[in-house]
Amino acid sequence: MEVFARKHMSFLDCLWNRMWPHLEQHCEMSPNSGMSLSPHSAMTPSLTPSPTSDQNQNLSLKEVNVPSTSTVFIVLYDFRARSNEELTVRQGERLHIVRKEGDYVLAVKTCGSSDVGLVPTNYVVESSKEPFFNEPWYFDGINRTEAEKLLLSSLNQLGSYLIRPSETYTDQYSLSVRVQNRVTHICIKKTDGNFYIQKNRSFSSLQDLLTFYKMNWKLIKSPLLYPCVRQELLSTDAWEQPRSDFQPKRKLGEGYFGEVWEGLWKGTYPVAIKTMKQADVTKTEFQKEIQALKSLRHPNLIQLFAVCTIGEPIYIVTELMQKGNLLTYLNSADGRMLTPLHLMHITCQVAEGMVYLAEKHVVHRDLAARNILVGDNLMCKIADFGLARLLKEEFYSPSSNTKIPVKWTAPEAAIYQRYSLKSDVWSYGIVLYEIFTYGEQPYSGMTNREVLEQLNHGYRLPRPRTCPADVYQIMLSCWRDEEDLRPSFQNLRDKLNSINTNLNCMQK
Ligand SMILES: Nc1ncnc2c1ncn2[C@@H]1O[C@H](COP(=O)(O)OP(=O)(O)OP(=O)(O)O)[C@@H](O)[C@H]1O
């Protein structure tokens, strides 16, 4: 009875294993026998002993490197692990292959357990052998989040769709469709080789299923108009956080990049949320810059907390600075009370942050008091480093002269876009001017064109009344025509620290 049931109704293996658990023993084979004792032995290929290697024992996904682009393999036959080194897999499951080891592959399941183990090579087949693998709408090896990211990107539109293997169930697929600004995921089941969404309508191929639901899209409430445009996925990592974790509460301001909101992370932690439209940034640049921001950490730089790049608008989430930007702060009643000693303290902090950026070879391009943020105890932090480069050319080019902050920008950068650490040094000189004038507009009353003309004739901003003479000399050195003659940020920091120390001593 048992043999008959197993032979003729092998798809009920789970049930038979429960009813006759002892036979599972029979399914196992001696590691050295080289032949299968499985009841399916007529169908399954023969086995050679797996390579014994201590390395593979108890490996988990964390410990092995699975290339994100690795080909997905499908399991052809159930395989029960006979030692710690092997991986139990079921027909239809999908695997990433870590490497080949003789007649075995070291594999990890694409979903579920992250255990790594050996599976006989002849028990698996590349998923590219599936009949629909080359269809434009079929996306192998992507998960729900990645599908959403692709469909919601600006290259796709309402009605864009794709089919992907289910993350959770073997032999199931998901039809992901963009409906307005969200994605719906519809489950496609497969039974006896037929695919269906609704039990009473099954199709022998995914192609047929799609043809039907394109015509009868109201049944799934999602028009299927365009296969999803393929593109490199924005990488998902620990910085990517769900949009729903952030609640914008109060608008703090607006800049070229979009709006900035005070908000809460998970309902409790105060954060600043900067919003940017996907359409305004070049994607590869965005990736590069955000990657750079993630690696920067300094007490005088605004700390990046998280990003939300799935959907619109992009969120860049940073620490919240309670007192807002330095320009507004200097102009405020509190700011007006600051003594030259306080002002020196601010200049030193900004210089410290810029030394760090210089060491990391990051050019700010938009250093200005409006991009420095103030917290409690006059803590100052530089913001927006690197963001200027994210904007598409037409949004931030000298030809659209209203956009470029000419009065803060070194002439070679404003005219020839020759940005460098030394053009940042020029801008730092302007920040010193803003600090010692309590936030006055530099070159007040002059147009951008007049500023560039006057600078070319050797004109420089005058010394602010509260500015010590040696600090004004530093400002002038930042505005030297020749970039090479301008001081480095290390040099500026050392000089300002020593002036600050002297001032402090004089006060005592
Ligand atoms: N992390 C933050 N904490 C508190 N306030 C912030 C934060 N980031 C920005 N703000 C506020 O939001 C305003 C707008 O910021 P945003 O960076 O978009 O524009 P900007 O720096 O003023 O101009 P631009 O970006 O065009 O140079 C800032 O001036 C500041 O007052």
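When a ligand or atom number is given, it counts from 1 through the structure's own listing order. All residue numbers refer to positions in the sequence shown, counting from 1.
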For the pair E262 and R250, find out whether any cationic side-chain nitrogen is under 4.0 Å from an anionic carboxylate oxygen.
-> yes
Residue part near ligand 1, for N325, under 4.0 Å between non-hydrogen atoms = both
Can K274 be said to touch ligand 1, with heavy atoms closer than 4.0 Å?
-> yes
Can you list the residues that meet the salt bridge (charged side-chain N to carboxylate O under 4.0 Å, His left out) rule with K407, with sequence neighbours excluded?
-> none
Could you tell me which atoms of ligand 1, counted from 1 in the order shown, lie closer than 4.0 angstrom to a heavy atom of D366?
-> 27 (O)
For S176, what residues pass the side-chain hydrogen bond (donor to acceptor under 3.5 Å, both in side chains) criterion, not counting sequence neighbours?
-> R164, H185
Heavy-atom contacts with D384 under 4.0 Å: which atoms of ligand 1 show up? List them by number with element.
-> 17 (O), 21 (O), 25 (O)
Salt bridge D384-K274, side-chain N to carboxylate O under 4.0 Å | yes
T318 neighbourhood, listing ligand 1 atoms whose heavy-atom distance to it stays under 4.0 Å = 1 (N)
Which of the ligand 1 atoms, numbered from 1, are nearer than 4.0 Å to a heavy atom of R370 | 21 (O), 27 (O)
Is the closest heavy-atom distance from E259 to ligand 1 below 4.0 Å?
-> no
Part of E254 within contact of ligand 1 (heavy atoms, under 4.0 Å) = backbone
Around K360, counting heavy atoms of other residues, nucleotides and ligands shown, do more than 12 lie under 6.0 Å from its NZ?
-> no
Pair R370 + D366: basic N to acidic O under 4.0 Å = yes
Examine the proximity of ligand 1 to L320 and report which part, side chain or backbone, both or neither, has a heavy atom under 4.0 Å away.
-> both
Hey, is CZ on R336 packed in by over 12 heavy atoms from elsewhere, all under 6.0 Å?
-> yes
Check each of N371, I302, I372 against atom 20 (P) of ligand 1 and report the one with the nearest heavy atom.
-> N371
Are D424 and R486 ion-paired here, with the side-chain N under 4.0 Å from a carboxylate O?
-> no
Per-atom contacts of ligand 1 with A272, taking only distances under 4.0 Å to non-hydrogen atoms = 1 (N), 2 (C), 3 (N)
